[in-house]
J.: 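The structure that follows is given in the form of structure tokens.
Order of appearance sets the numbers: ligands from 1, and atoms from 1 within every ligand.
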Amino acid sequence: MPVSDSIDLDSDANTAGEETPDGLPINELFHSLQGEGTLAGVPSTFVRTSGCNLRCWFCDSYHTSWESTHAWLGREEILAEIEARDADHVVLTGGEPLLHDESVALLEALDERGYHTTVETNGTIYRDAPIDLASISPKLASSTPTPERTPEDAPAGEWEERHERDRIDMDALTRLVEEYEFQLKFVVTDGDDMPEILELLGDLRDAAAVPIPDDDVLLMPEGATRERLAETRTRVADLAMEYGFRYTPRLHVDLWNDAPET
Ligand SMILES: C[S@@+](CC[C@H](N)C(=O)[O-])C[C@H]1O[C@@H](n2cnc3c(N)ncnc32)[C@H](O)[C@@H]1O
Ligand SMILES: Nc1nc2[nH]cc(C(=O)O)c2c(=O)[nH]1
Ligand code: SF4
Ligand SMILES: [Mg+2]
């Protein structure tokens, strides 16, 4: 059920506007199977924050980035919604969840309660928090919203420069891989993406004080719908075999296509 349907939007904590000290802008909160990465298939509660510092043209969470919509939920309300869902894995995603100071406090509260936490992040922001798996998806040049590749109704061109400037922060990436158990999950369309992935990995391996095994590098096919995935996934699986990286499916798209709260 959409969080906006299950929660009283008129309560003070949900007033749209400034970020409250103990609350987060929440786009949706739901129970599903982890669809991506090394924990694919694990029953998990997803907490999707609103707001992003990037604007990938392909973003499958349009309402957290291009057209940010949300309810404001207090920390205790979020915890109660999570506890009501009975999964011991929690996935904090967005939007970009690490934009928000409050994400740290939420992760601390989840850690105290014994949850396994995965944070889905674009890797541009480092925060010190109890994160069990940093699921980092650095954005390649092919994600940049050029005027030809901007979603319908979105402001054309406006975000191109900013996205291109901010999509890689080597210091943040380095700290994330050094401090947390991690996976690097690249969204791939075709072989043209591979030189940039190899270059980025080379730079990160030079910068980081920890090993970055190929086993922790995952190629994920670009596609927010079954139709689109049918075009990209075999090509991306072939690239994973060719380069010796892992392939990750997008199980939730196979199972539920682009339905919300899946
Ligand atoms: C919506 S993002 C939120 C977390 C964070 N902003 C990020 O990009 O990692 C969650 C995951 O979905 C991936 N993603 C978004 N749109 C996609 C698409 N069209 N095809 C494949 N993966 C996509 C992102 O790369 C990321 O791994
Ligand atoms: N089932 C499911 N698995 C996911 N893994 C990462 C997701 C995300 O949007 O961050 C996601 C999602 O949206 N749904
Ligand atoms: S960084 Fe993540 S949430 Fe932000 S626009 Fe890209 S895919 Fe969407
Ligand atoms: Mg998703």
J.: Tell me whether ligand 3 is touched by Ser61 - counting only heavy atoms on the residue side and a distance under 4.0 Å.
T.: no
J.: Would you mind checking if Arg113 and Glu83 are paired as a salt bridge, meaning a charged N to carboxylate O distance below 4.0 Å?
T.: yes
J.: Where is the nearest protein heavy atom to atom 6 (Fe) of ligand 3: which residue, which atom, and how far?
T.: Cys56 SG, 2.3 Å
J.: Tell me whether Asp86 at atom CG has more than 12 heavy atoms from other residues, nucleotides or ligands lying less than 6.0 Å away.
T.: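 Not more than 12 within 6.0 Å, no.
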J.: Answer yes or no as to whether an N/O/S atom of Cys52 is found below 2.8 Å from atom 4 (Fe) of ligand 3.
T.: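 True for Cys52.
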J.: Run the numbers for me: atoms of ligand 2, each under 4.0 Å from some heavy atom of Thr262, listed by number.
T.: 1 (N), 2 (C), 14 (N)
J.: So if I count the atoms of ligand 2 from 1 in the order they appear, which ones are less than 4.0 Å from some heavy atom of Leu33?
T.: 1 (N), 2 (C), 3 (N)
J.: Identify whether the distance between the nearest side-chain nitrogen and carboxylate oxygen of Arg226 and Asp258 falls below 4.0 Å.
T.: no
J.: Relative to atom 5 (N) of ligand 2, which among Glu261, His252, Gln34 owns the nearest non-hydrogen atom?
T.: Gln34
J.: For Ser32, take its heavy atoms, then give the atoms of ligand 2 lying under 4.0 Å from any of them.
T.: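 Taking each heavy atom of Ser32 in turn, ligand 2 has 1 (N) under 4.0 Å.
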J.: Pick whichever of Ser50, Gly95, Gly51 has a heavy atom sitting closest to atom 3 (S) of ligand 3.
T.: Gly95
J.: Looking only at non-hydrogen atoms, which of Met220, Arg250, Glu36 approaches atom 7 (C) of ligand 2 most closely?
T.: Glu36
J.: Within the 4.0 Å heavy-atom shell around Gly35, which atoms of ligand 2 are there?
T.: 1 (N), 2 (C), 3 (N), 4 (C)
J.: Has Cys59 got an N, O or S atom lying less than 2.8 Å from atom 6 (Fe) of ligand 3?
T.: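 No - counting backbone and side chain alike, Cys59 has no N, O or S atom under 2.8 Å.
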J.: Do Asp214 and Arg246 sit within salt-bridge range, that is, some charged N less than 4.0 Å from a carboxylate O?
T.: no
J.: Considering only non-hydrogen protein atoms, determine which one is nearest to atom 11 (C) of ligand 2 and report residue, atom name and distance to 0.1 Å.
T.: Phe46 CE2, 3.6 Å
J.: For the 3.5 Å polar cut-off, considering only N or O atoms, please tell me whether Thr93 and ligand 2 meet it.
T.: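 The answer is yes, given that Thr93 and ligand 2 share an N or O pair closer than 3.5 Å.
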J.: Tell me: protein heavy atom nearest atom 13 (O) of ligand 2, and distance?
T.: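 I find the closest protein heavy atom is Arg48 NH2, 2.7 Å.
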J.: Assess the residue pair Glu231 and Arg228 against the criterion (salt bridge (charged side-chain N to carboxylate O under 4.0 Å, His left out)); give the C-alpha distance rounded to whole Å, side-chain angles, the decisive distance to 0.1 Å, and a yes or no.
T.: CA-CA 5 Å; Glu231 295 170 7; Arg228 175 63 175 161; 2.8 Å; yes
